[in-house]
Amino acid sequence: MNLYLETLLFTSDIVVPIFFIVFLGYLLRRYRVIDDGFVTTSSRLVFTITLPALVFMSISQTDFKAVFNPELLLLFTGFTLVTVALLWWLSGRMQLADNARGVFVQGAFRGNFGIVGLAVCFNMFAEPGLAQASVVLACVIPLYNVLSVLVLSIPQQDTRVSPRKILRDILTNPLILSVVFAMPFSYNGWHLPVIGDAIGNYFASLTLPLALLAIGGSLDLKSLRNSSVTAGWATALKLVIIPVIGTLLAWFYGFRGQDVGILMVLYACPTAAASFVMAKAMQGDAQLAANIILTTTLGCVLTLSGGIYLLRLWQVI
């Protein structure tokens with residue numbers, strides 16, 4: 001088979017099922033098969049129960065020593081810190097309003113790796129990829145949350161941020177707790193009882209379709225009319241500039257195969273929906289946050305597909 005056609009088929013097998021379900025969620029919401037209540041409830045269910053179950057099951061059934069890569073986590077952390085610092089400098093050069101500056105920075109770096117990223121990694125690398133991506137997610141969650149609070153609070157002089165609350169939110173995050181509880185099983189080779197394994201797999205299997213339907217149901221294409229140049233820059237940074245630089249850095253550093261593929265997906269995911277909630281709660285420009293989420297979600301269909309296609313074509317993954 002022609003190499004280009006084979007690579008295209010490989011890419012479509014990964015991306016099409018994911019965004020088909022997202023598009024289906026949009027259609028179901030438009031034709032009132034599902035409503036805002038479904039989107040809100042399903043999102044809460046995914047965050048508190050089914051996604052932690054998926055992360056726990058994927059890590060607990062994998063050899064931790066085989067998926068834990070401290071160099072990869074250090075590279076991701078360092079690159080993210082430098083990226084946020086540069087984005088903060090850029091937002092100052094753009095002379096954005098105080099309530100838009102942090103929203104712009106958050107929208108450009110904070111990806112939806114917990115849903116879209118895990119789904120893509122699973123389709124790319126099956127269970128081993130899902131397990132390693134889940135370990136990476138345990139690093140992503142606290143780092144993204146702390147940085148988001150910082151960039152949103154600094155411009156707002158009247159906003160007080162409690163370090164104790166940030167720490168409590170991180171330590172009680174269901175996804176982080178699922179990783180912590182799964183590590184002893186993974187490290188020591190423990191196994192759940194048969195009934196526990198069956199229940200965990202039932203919950204885990206609900207996660208991706210339910211979460212992707214909720215993402216599609218939350219899309220409001222009418223808000224595209226209110227999109228701005230600022231949202232366009234954040235989208236370009238989130239989907240193209242940062243993933244290209246981050247992936248090239250990982251490749252030059254020596255990462256190959258599954259490692260560089262996971263990092264590319266991590267950087268290229270659309271902006272997380274949680275960024276809107278946090279922006280609104282901290283008196284940020286909520287409309288800008290919503291526009292960035294929408295444009296990155298729509299745009300990543302092309303950019304994420306293109307990234308996977310090129311990595312496969314160049315035999316990096």
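Position 1 is the first residue of the sequence; numbering continues from there.
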Contact summary for C121 and I262, nearest pair of heavy atoms: SG-CG1, 3.9 Å
L221, CG: over 12 other non-hydrogen atoms inside 6.0 angstrom: yes
Validation row, ring centre F113 to ring centre Y144 under 6.0 Å: no
L248-L81 co-clustered via ILVMFWY side chain contacts under 4.5 Å: yes
Backbone of W251 reached by a side-chain donor or acceptor of R256 within 3.5 Å: yes
Pair Y4-Y309, side chain to side chain contact (heavy atoms under 4.5 Å, CB included): steps then yes or no: CA-CA 9 Å; Y4 295 99; Y309 178 85; 3.3 Å; yes
Same apolar cluster (I L V M F W Y, side chains within < 4.5 Å links), F181/Y187: no
Note, L152 side chain near V103 side chain (heavy atom, < 4.5 Å): yes
Audit row: L192, M57, side chain to side chain contact (heavy atoms under 4.5 Å, CB included) steps and yes/no: CA-CA 9 Å; L192 290 174; M57 297 304 293; 3.9 Å; yes
Same cluster (ILVMFWY, side-chain, under 4.5 Å), L177 and F68: no
Heavy-atom check, side chain of V146 versus side chain of L150, under 4.5 Å: yes
In one Ile/Leu/Val/Met/Phe/Trp/Tyr side-chain cluster, 4.5 Å: V16, Y26: no
Reference residue L210; test side chain to side chain contact (heavy atoms under 4.5 Å, CB included); the match among I115, V46, L51: V46
Check: L28 and F38 side chains under 4.5 Å, non-hydrogen atoms: no
T235 backbone acceptor or donor facing T295 side chain under 3.5 Å: no
Minimum-distance pair of heavy atoms, taken over all atoms of L263 and A250: CD1-CB, 3.6 Å
Worked check of side chain to side chain contact (heavy atoms under 4.5 Å, CB included) between L237 and L90: CA-CA 11 Å; L237 285 160; L90 178 62; 4.0 Å; yes
N291 side, atom CG; T271 side, atom OG1 - distance, nearest 0.5 Å: 11.5 Å
R30 atom CZ, neighbour heavy-atom count above 12 within 6.0 Å: no
Under 3.5 Å donor-acceptor, S186 side chain and T62 backbone: yes
Joint cluster assignment, F56 & V136, ILVMFWY side-chain distance < 4.5 Å: no
Minimum-distance pair of heavy atoms, taken over all atoms of P52 and P174: CG-CB, 3.6 Å
Stepwise side chain to side chain contact (heavy atoms under 4.5 Å, CB included) check, F276 with I292: CA-CA 9 Å; F276 170 80; I292 293 172; over 6 Å; no
Test item: K238 side-chain N/O and C269 main-chain N/O as donor-acceptor pair under 3.5 Å: yes
Enclosure of F203 CZ (heavy-atom neighbours >12, cutoff 6.0 Å): no
Check: I308 and M264 side chains under 4.5 Å, non-hydrogen atoms: yes
Check: V244 main-chain N/O paired with T247 side-chain donor or acceptor under 3.5 Å: no
Side chain to side chain, V22 and L219, heavy atoms closer than 4.5 Å: yes
Of all pairs that satisfy side chain to side chain donor-acceptor pair (under 3.5 Å), the ones with a partner from residues 119-135, not counting sequence neighbours: S58-S134, Q132-Q258, Q132-D259
Pairwise side-chain contact, L118 with L130, heavy-atom cut-off 4.5 Å (strictly under): yes
Short side-chain donor-acceptor distance under 3.5 Å, S148 and Q106: yes
Distance-only donor-acceptor check, side chains S91 and R101, under 3.5 Å: yes
Heavy-atom donor-acceptor pair, N188 side chain to W190 backbone, under 3.5 Å: no
